[in-house]
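Working notes, beginning with the structure itself.
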Amino acid sequence: MSSETPNKDILNSLSEGVVTIDKNFKFTFINHAAEKIIGRTRDDVIGKICKDVFDSQLCETECPITLVLNTGNNIYNLNSRIRSKNGKNIPITLNAAILKNCSNEPIGGILSFRNTMVEDEIPSVLSNNQYYGMIGKSKAIKEIFDTISEISNSDASVFIYGETGTGKELIANAIQKSSQRSSRPFVKVNCAAIPHQLLASELFGHVKGSFTDARNDRIGRFELANLGTIFLDEIAEMPLQMQTQLLRILQDGTFERLGESTTKKVDVRIIAATNINIENAIAQKLFRSDLFFRLNVIPIKVPPLRDRKIDINYLIDYFIYKYNGIYKKDIKEIDSDALDILMQYDWPGNIRELENIIEYAFIRSKKISSICLCGLPAYLIENHKCKNDELAPNISELQSDQLINILERNNWNQSKVAEILGIHRTTVWRKIKKFGIN
Amino acid sequence: MSEMLGNYYFLIHNYQSACYELENALENDPSNNAIQRKLILCYIKLGYVVEGYSLFHKILTTNVESIVHCYFKENPCPCLEIINEIHDPNNESKSQRYYYISLGILWLYCDIDRSLFYLNKAKFDSDSDEKLTEIINLISNYAEKLTINSEK
């Protein structure tokens, strides 16, 4: 993709940074958002080698583009850091894919990323209700904040339990940021997202030839996290054989790379999380009890949102602040009718669902300065009549740039966008066709 | 896929992996000069001098300019770093053909006169190497042309 691409205007309209590189890893395109995030201009970047500009922790060990080349799978929502022109470390979430020619040969790569520092920043008005990015004032959440403070001098393993969407990763972030290892590497692994047959290689690394696709030596996540912290999300999805290897690391810090007999030793603090009932998994012999006891030194149970509804108000304030920044709006508050609905709801998807609903309301509330009842998804407002109905934009009023924005923010997953917009996936598809979005 | 992976490993100085990927890429695209130039450096760095020498001869007989006016003029060139690694001041007086050939190959990426200096040293030790004679002639003729052009 060259800088003269016809899609240049579309890419420049995105709030997410987008860069493309050629097969020599030199920049060929950078959009306006990426210029802003890294603090460099197009002229300053085009033709330069990406690792010299980004200077990311991943460049030398786990270049995302190279990972896609090696595995054939695109990368979504990988946390990393890049360096801005003034030397500042910027936390980002990135996606990576390969660009191919008509012969299916790789000719370069595309990276899209967004600055998560903006999202992590909490405005002063909300700062009294937050702790390392976690929002809340309920007794249950305050107890978690206290626990995290108390263990800040400890290297003990932590096991976080909680339903999906309750913010387990935020708690892991807070534990790492408040610990003595905060300046050391923090590596996150979603055990459910990596195929079982590749998990050992991901965690412990491999040497060339150790399996069919092992064409080069590669260090694993534990070596990458040495002296720091590793977060093993959805740990209950880990196969039993891997659990044995993990137990050994917990006991003496040793392991071997796949295909190598040399024993390596690391010093890594482990934070694990699961959303399933771990006692049941142990009873069904799907999870080793000895591993559980090793991990469960400091257990943290995250309450579901329905059990801490007092926090909904604070969370809404935070999401309004966040999406005002992202969608360049000036929404001040949520109407009392709409808030009542949210307070009565049971929140099976917890905070993630609440965030999706606020984002949905932002997209629909085109002309208004507050979120009203009719800005909420249809499944929440059945049998309710909105006083401001005439002010709320219809889905038919959805603009091309709004749709691109929400598609981009959801990795172009049309099903997810349909869910957020409260419409059928084929409607999203028709809108894409109608707007000529490529 | 191999070329792009090879380029990455080359950039991060993982020459063993770069060599593997670039060899695969060259099989699919045997006349690709960019791959050949990097592969020569990988071979020399890894001590596979015979392979590097053979590829060096091949690329020069096809297009002598492809190394002299090379990609590395505008890119991070690792050849000086490799020269520093293999250069042994105590070796200057000894007759080690492949040592001089390695230095001659590496210097051609940056300095044509130094390259000829080391290649001639190698020839002094092995006058019957016709391949080496051909290489020296090609580079010398090209250097002469460069001089004439610059005088004009």
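Predicted model only: the values in this text are computed from it and were never measured. Each chain gets a letter, A, B and so on, in the order its sequence line appears, and its residues count up from 1.
Residue A:R40 qualifies as enclosed at atom CZ: its count of foreign heavy atoms under 6.0 Å is above 12. Under a cut-off of 6.0 angstrom, the local environment of CD in B:E134 is crowded, with over 12 non-hydrogen atoms contributed by other residues, nucleotides or ligands. Atom NZ of B:K131 has more than 12 heavy atoms from other residues, nucleotides or ligands within 6.0 Å.
Using a 3.5 Å distance cut-off with no hydrogens or angles, the side chains of A:N24 and B:K38 do pair a donor with an acceptor.
Ranked by non-hydrogen atom pairs under 4.5 Å with chain B, the options A:I65, A:T66, A:I98 are led by A:T66.
Taking all atoms of both residues into account, the shortest heavy-atom contact from B:M4 to A:K23 is CG-O, 3.6 Å. Of all the heavy atoms in B:L11 and A:K51, the pair that sits closest is O-CE, 3.6 Å.
For A:N104, no part sits under 4.5 Å from any heavy atom of chain B, backbone or side chain.
Atom CD1 of A:I49 and atom OH of B:Y8 lie 12.5 Å apart (nearest 0.5 Å).
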